[in-house]
Amino acid sequence: MTKTGKVYLAGSGPGDPDLLTVKARRLIDEADVVVYDQLPGKAILDLIPAKTEKIDAGKYAGNHTLAQDEINAVIVLKAKEGKTVLRLKGGDPYVFGRGGEEAEELVKAGIPFEVVPGITSAVAAPAYAGIPITHRDSNSMVTFITGHEDPTKDESGLDWELLAKFNGTLVIFMGVKMLARNCGELLKYGMDPKMPVALIERGTRPDQRVTIGTLDTISKLAEERHVKAPALTVIGKVVNLHDILGEQIVKW
Ligand code: SAH
């Protein structure tokens with residue numbers, strides 16, 4: 001009987017290969033199989049050695065190469081073959097990446113696993129855009145929200161009334177298509193229309209692009225500039241620091 005292998009549920013960080021953890025970088029070299037999404041980006045995926053088996057889980061922006069249960073099944077299967085499996089996900093594996101669900105499946109299947117936290121884009125992309133997500137003078141709280149990408153769903157499941165009153169930084173993942181709706185909800189519940197908003201596309205990558213506006217202008221700006229996923233929306237006074245701190249230019 002083959003000894004069961006092990007799964008590493010690892011984050012790749014936001015895209016800049018220099019922001020991989022030392023552990024994730026080592027696992028890229030050592031794993032027998034890498035099951036990856038597109039989110040880590042080409043520069044990181046190119047680090048996977050030629051000899052390594054590569055499986056594209058490709059759940060990126062609605063492009064379902066493998067369904068979630070198929071991803072879970074393939075990870076379990078490879079581990080049962082005795083392989084060391086690196087499940088590589090963008091950012092941090094437990095921040096809106098369904099990593100928690102994958103971990104639960106591994107427990108259910110009795111597969112040994114370790115989680116390897118990564119630098120979440122929620123912190124890194126604003127940082128490269130010159131926006132500290134907290135600041136003593138203005139924002140002493142921060143909340144991470146998933147903005148959804150399904151315009152057919154009326155209900156977002158989010159308490160926009162509560163969020164509109166939240167006196168801290170809001171970081172919204174996904175939701176580019178829902179930006180107008182999301183801003184509309186915050187305005188409806190009384191958030192200041194002049195609240196600064198940043199859209200950060202492809203943060204920490206050489207083609208990173210930052211769009212700055214306010215709650216009442218940002219969705220029009222996003223349309224004009226054809227803002228696309230992966231992008232984060234940052235709402236709060238800390239966005240003003242972008243003017244002082246400036247954008248970090250990414251070169252690799
Ligand atoms: N686990 C990831 C998030 C997965 S959800 C993390 O911790 O970062 C996918 C969403 O993350 C994208 O739709 C986008 O909103 C955000 N995202 C991931 N990488 C990004 C990047 N480099 N720049 C901007 N947004 C990013």
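Whatever order the structure lists them in is the order used to number ligands and atoms, beginning at 1. Just so you know, these numbers come straight off a predicted model, no measurement behind them.
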Subject >> Enclosure of Gln248 CD (heavy-atom neighbours >12, cutoff 6.0 Å) >> reply: yes
Original post:
For ligand 1, which atoms, with element, lie under 4.0 Å from some heavy atom of Pro14?
Top reply: 22 (N)
**OP:** Record the part of Arg205 in heavy-atom contact with ligand 1 below 4.0 Å; permitted values are side chain, backbone, both and neither.
**Re:** side chain
Subject >> Cationic N near anionic O, under 4.0 Å, Glu102 to Lys89 >> reply: yes
Original post:
What is the minimum heavy-atom distance between Leu20 and Leu47, and which atoms define it?
Top reply: CD1-CD1, 3.7 Å
Subject >> Any N or O of Ile200 closer than 3.5 Å to N or O of ligand 1 >> reply: no
Original post:
Should Phe173 be counted as touching ligand 1, given the test is an N or O pair under 3.5 Å?
Top reply: no
Original post:
ligand 1 versus Leu39, non-hydrogen atoms closer than 4.0 Å: side chain, backbone, both, neither?
Top reply: side chain
Original post:
Does ligand 1 have an atom that lies less than 4.0 angstrom from a heavy atom of Ala231?
Top reply: yes
Subject >> Pro93, any N or O under 3.5 Å of ligand 1 N or O >> reply: no
Original post:
Does NZ belonging to Lys80 count more than 12 external heavy atoms closer than 6.0 Å?
Top reply: no
Original post:
Between Val95 and ligand 1, is there a nitrogen or oxygen pair with a distance under 3.5 Å?
Top reply: yes
Subject >> Ala229 to ligand 1, any heavy atom closer than 4.0 Å >> reply: no
Original post:
Any idea which atoms of ligand 1 are less than 4.0 Å away from a heavy-atom of Leu232?
Top reply: 15 (O), 24 (C), 25 (N)
Original post:
Which is closest to atom 8 (O) of ligand 1 by heavy-atom distance: Pro230, Gly147, Ser121, Gly175?
Top reply: Ser121
Subject >> Within-cut-off N or O pair, Thr120 and ligand 1, under 3.5 Å >> reply: yes
**OP:** Give a yes/no verdict on whether any heavy atom in Arg202 is under 4.0 Å from an atom of ligand 1.
**Re:** yes
Subject >> Cationic N near anionic O, under 4.0 Å, Lys220 to Glu224 >> reply: yes
Original post:
Is there a donor in the side chain of Gln38 and an acceptor in the side chain of Asp56, or the other way round, less than 3.5 Å apart?
Top reply: yes
Original post:
Hey, are Thr169 and Asn139 close enough side-chain-wise for a donor-acceptor pair under 3.5 Å?
Top reply: yes
Subject >> ligand 1-proximal atoms of Ala124, by part, heavy-atom distance under 4.0 Å >> reply: neither
Subject >> Basic-acidic side-chain contact under 4.0 Å: Asp32, Lys6 >> reply: no
Original post:
Does NZ in Lys251 sit with more than 12 non-hydrogen atoms of other residues, nucleotides or ligands closer than 6.0 Å?
Top reply: no
**OP:** Consider every N or O of Gly97 and every N or O of ligand 1, then say whether any pair is closer than 3.5 Å.
**Re:** no
